[in-house]
2 protein chains.
Amino acid sequence: MLLKNISVDCVIFGFDNNKLNVLLWQADPKLLTHILKQEEDYEQISFLYDSHPSLLDDHTWGLIGAHAPAETSLDEFAQNISSESTGLTGVYLKQFQTFGRADRVPYYRVVTIGYYALINLHYHNLRKSALTKKMQWFGIDELPPLCFDHLEIIHAALAHLRETVQYHPIGFHLLPEEFTLTELQTLYEAILGKKLDIRNFRKKIHNMELLEETGKKQENVPHRAAKLYRFDPGNYNRLVNEGLNFRI
Amino acid sequence: MLLKNISVDCVIFGFDNNKLNVLLWQADPKLLTHILKQEEDYEQISFLYDSHPSLLDDHTWGLIGAHAPAETSLDEFAQNISSESTGLTGVYLKQFQTFGRADRVPYYRVVTIGYYALINLHYHNLRKSALTKKMQWFGIDELPPLCFDHLEIIHAALAHLRETVQYHPIGFHLLPEEFTLTELQTLYEAILGKKLDIRNFRKKIHNMELLEETGKKQENVPHRAAKLYRFDPGNYNRLVNEGLNFRI
DNA sequence: CCAAAAGTGTTAGACCTACACCCATGA
DNA sequence: TCATGGGTGTAGGTCTAACACTTTTGG
């Protein structure tokens, strides 16, 4: 059974083309209603779509989310949503804020619990789930028209990420397992929205002793090949726990 | 109308006796559990419970909270709850986490949105609160038995406060309008759970230019009277907005 | 004059910021 | 050999941490 007044929305962040991107979808209501077993659930979903023609429109996008089932914890359900939509399991997921304005969804009271996911785009090809009409990455500065208050939710997720990333080493979840220092720096620049000094950045990262060299280098680049690094999991976990001495 | 599956709980923090305290009211888990077995009556009975906290026994306490009404935003409702229970309006309130384990309340699915309030104990007398008969402050290290997952919620609120207070100047909401530097330091020591160096603390606070002298001093103290300070609202707001350069 | 808390400064080391040039690679 | 991005060090200023004594007040 679905909880009528509660939904979960996931702001799925990925880093690519030196930009921070968000995964959005357009749900297919026909497909959606097929999988709903209970009459009650069916009615709710079709009511939602009937009363919001913009949900059917090709130009309006939304966050990946759904009404929460009564039997599942919110954290688990957020994992389910993000793994179904990206094909990835065990992604970094953070509950960041709950949105509860009375009129945030017209005609019906829906409180939505917002999570953001940080995923590494190189790990998979996006597979549309059965429910999905379209799914696409958008740069955070190039968002399409969004339904409901989803723009506000994305901005809140970004603000939360931007702050958290300065004290906790979570940005790394957006990178592939092996990466260059320049990629790491570009990632931070994209999240924080400002340029960082290359020498100071590298000094800082090295002092943290968070990374280890893989011994490998980039290949097939038309310039000097950069060293590839990975995290030292021991120190990474130490920093995650100690937290606050991570400052970019 | 109340939303059956959604509640709001407020962790109301106050600072007194050099300790951080939490305001709790009483709940009777036996009574509540018994009632919850009849799902149909749940809404009615819980409404009764919400409006008559005198249905209480002496041993188990709970956070101040209630099922959310369908017509009110969560933020507004959290304000209502905290102002009704403390008599204070316009208190600092922060939504910090939503608790959504499927079994957090027995026999029924209730997702609760957690807020914490920071209030100044000197501003009011708790007994004035109309809805509440049994209500009491407890030191955060001397909590009584709590219903449901309320202990977990309090610990999460504390952890959030402890972290936030290091980067944002919000701790001040716990102090009266005029206060001494020693009170400010003791507050930070209570929140962070560690001793701070008096000279370094004072230097830091002075450098922030966050405070202004009132020109007054303590009276009737059996030792040298300390100067009383208040916030410089201009700089306070600047720091709230700029945020992150506030570090204790 | 005693008890109790208020108030104050310095130093050494760590960290931050600003800044410019050579290096390695593939085309 | 050129274009492109990779990679490195230093100096000045600021911030931090550690540390002990004098001042004010009421009783």
Side-chain angles (χ1 to χ4, degrees), chain A residues 15-19 165-167 169 175-176 178-190 192 194-230 239 242-248, chain B residues 15 17-19 165-167 169 175-176 178-190 192-230 239 242-248:
Chain A
F15 179 66
D16 202 16
N17 297 123
N18 295 347
K19 282 186 323 189
V165 98
Q166 297 181 65
Y167 307 112
L175 292 174
E178 303 188 344
F179 52 87
T180 68
L181 289 178
T182 301
E183 285 166 348
L184 185 61
Q185 180 172 347
T186 313
L187 168 64
Y188 273 89
E189 290 176 344
L192 300 177
K194 65 179 182 201
K195 288 283 170 201
L196 302 171
D197 180 275
I198 173 174
R199 279 173 290 188
N200 295 335
F201 182 84
R202 280 161 184 251
K203 240 180 299 170
K204 205 155 195 176
I205 296 292
H206 279 130
N207 287 341
M208 283 179 204
E209 302 182 327
L210 189 58
L211 303 186
E212 55 186 17
E213 298 191 13
T214 62
K216 295 186 232 167
K217 292 191 169 190
Q218 288 178 315
E219 285 172 18
N220 301 319
V221 287
H223 53 76
R224 176 171 174 179
K227 288 182 186 170
L228 291 168
Y229 291 82
R230 77 168 76 83
L239 273 184
E242 287 180 11
L244 314 184
N245 27 2
F246 185 89
R247 203 81 189 265
I248 290 293
Chain B
F15 179 66
N17 297 123
N18 296 347
K19 280 187 323 189
V165 99
Q166 298 183 65
Y167 306 112
L175 291 176
E178 304 188 344
F179 52 87
T180 68
L181 289 179
T182 301
E183 285 167 348
L184 185 60
Q185 180 173 348
T186 313
L187 168 63
Y188 273 90
E189 290 176 344
L192 299 177
K194 65 180 181 199
K195 287 283 170 202
L196 302 171
D197 180 276
I198 174 175
R199 280 172 288 188
N200 294 336
F201 182 83
R202 281 160 183 253
K203 239 179 300 169
K204 206 155 193 177
I205 295 293
H206 280 130
N207 288 341
M208 282 178 202
E209 302 182 327
L210 189 58
L211 303 186
E212 56 186 18
E213 298 191 13
T214 62
K216 296 185 231 167
K217 292 190 169 191
Q218 287 179 316
E219 285 172 17
N220 301 318
V221 288
H223 52 76
R224 176 172 175 176
K227 287 183 185 170
L228 290 168
Y229 292 83
R230 77 167 77 80
L239 273 186
E242 287 179 11
L244 315 184
N245 28 0
F246 185 90
R247 203 81 189 266
I248 292 292

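Values below: every heavy atom of this structure, side chains too, minus hydrogens, waters and symmetry copies. Being a predicted model, the structure only gives us computed values, none of them experimental. Lettering of chains follows the sequences in order, A, B, ..., and the numbering in each one begins at 1.
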Which heavy atom of A:Tyr188 sits nearest to which heavy atom of A:Val165, and what is that distance?
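Shortest heavy-atom separation between A:Tyr188 and A:Val165 comes out as CE2-O, 3.8 Å.
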Integer-rounded Å distance: [N] [atom2] and [X] [atom1]:
{"X": "B:Glu213", "N": "C:dA6", "atom1": "CD", "atom2": "C1'", "result": "13 Å"}
{"X": "B:Lys217", "N": "C:dA6", "atom1": "NZ", "atom2": "C1'", "result": "9 Å"}
{"X": "B:His206", "N": "C:dA6", "atom1": "NE2", "atom2": "C1'", "result": "12 Å"}
{"X": "B:Asn18", "N": "C:dA5", "atom1": "CG", "atom2": "P", "result": "10 Å"}

Just to verify, which of A:Gln218, A:Lys216, A:Lys227 counts as forming a side-chain contact (heavy atoms from CB on, under 4.5 Å) with A:Glu178?
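By the side-chain contact (heavy atoms from CB on, under 4.5 Å) criterion, A:Glu178 pairs with just one of A:Gln218, A:Lys216, A:Lys227: A:Lys216.
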Give me the first and last nucleotide of DNA chain D, going 5' to 3', that has any atom under 4.0 Å from a heavy atom of chain A.
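Range of nucleotides touched by chain A: D:dT4 to D:dT10.
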Using a 3.5 Å distance criterion without hydrogens, assess whether the side chain of B:Thr214 forms a donor-acceptor pair with backbone atoms of B:Leu228.
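Answer holds: yes.
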Please check if the side chain of B:Gln185 supplies one atom and the backbone of B:Leu196 the other of a donor-acceptor pair under 3.5 Å.
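A pair under 3.5 Å: yes.
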Close side-chain approach of A:Ile198 to A:Arg202, heavy-atom, < 4.5 Å:
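In short, these two side chains touch, coming nearer than 4.5 Å.
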To the nearest 0.5 Å, what is the distance between CZ (A:Phe201) and CG (A:Leu184)?
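Separation between the atoms: 4.0 Å.
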Quick one: CG on A:Asn18 to CZ on A:Phe15, what's the gap to the nearest 0.5 Å?
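Reported value, rounded in 0.5 Å steps: 5.0 Å.
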Closest-nucleotide ordering on DNA chain D, the 5'-leading residue of B:Arg224 and A:Tyr229
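In this pair, the answer is A:Tyr229.
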B:Thr180 near the nucleic acid: base, sugar-phosphate alone, or nothing, with a heavy-atom cut-off under 4.0 Å?
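No contact at all - B:Thr180 keeps every heavy atom at 4.0 Å or more from the nucleic acid.
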Could you go through B:Lys204 and B:Asn207, starting from their C-alpha distance and side-chain angles, then the distance that decides it, and tell me whether this counts as side-chain hydrogen bond (donor to acceptor under 3.5 Å, both in side chains)?
CA-CA 5 Å; B:Lys204 206 155 193 177; B:Asn207 288 341; over 6 Å; no
For every nucleotide of nucleotides 11-19 of chain C, 5' to 3': is a protein heavy atom under 4.0 Å from its base (B), only from its sugar-phosphate (S), or from neither (-)?
-----SBBB
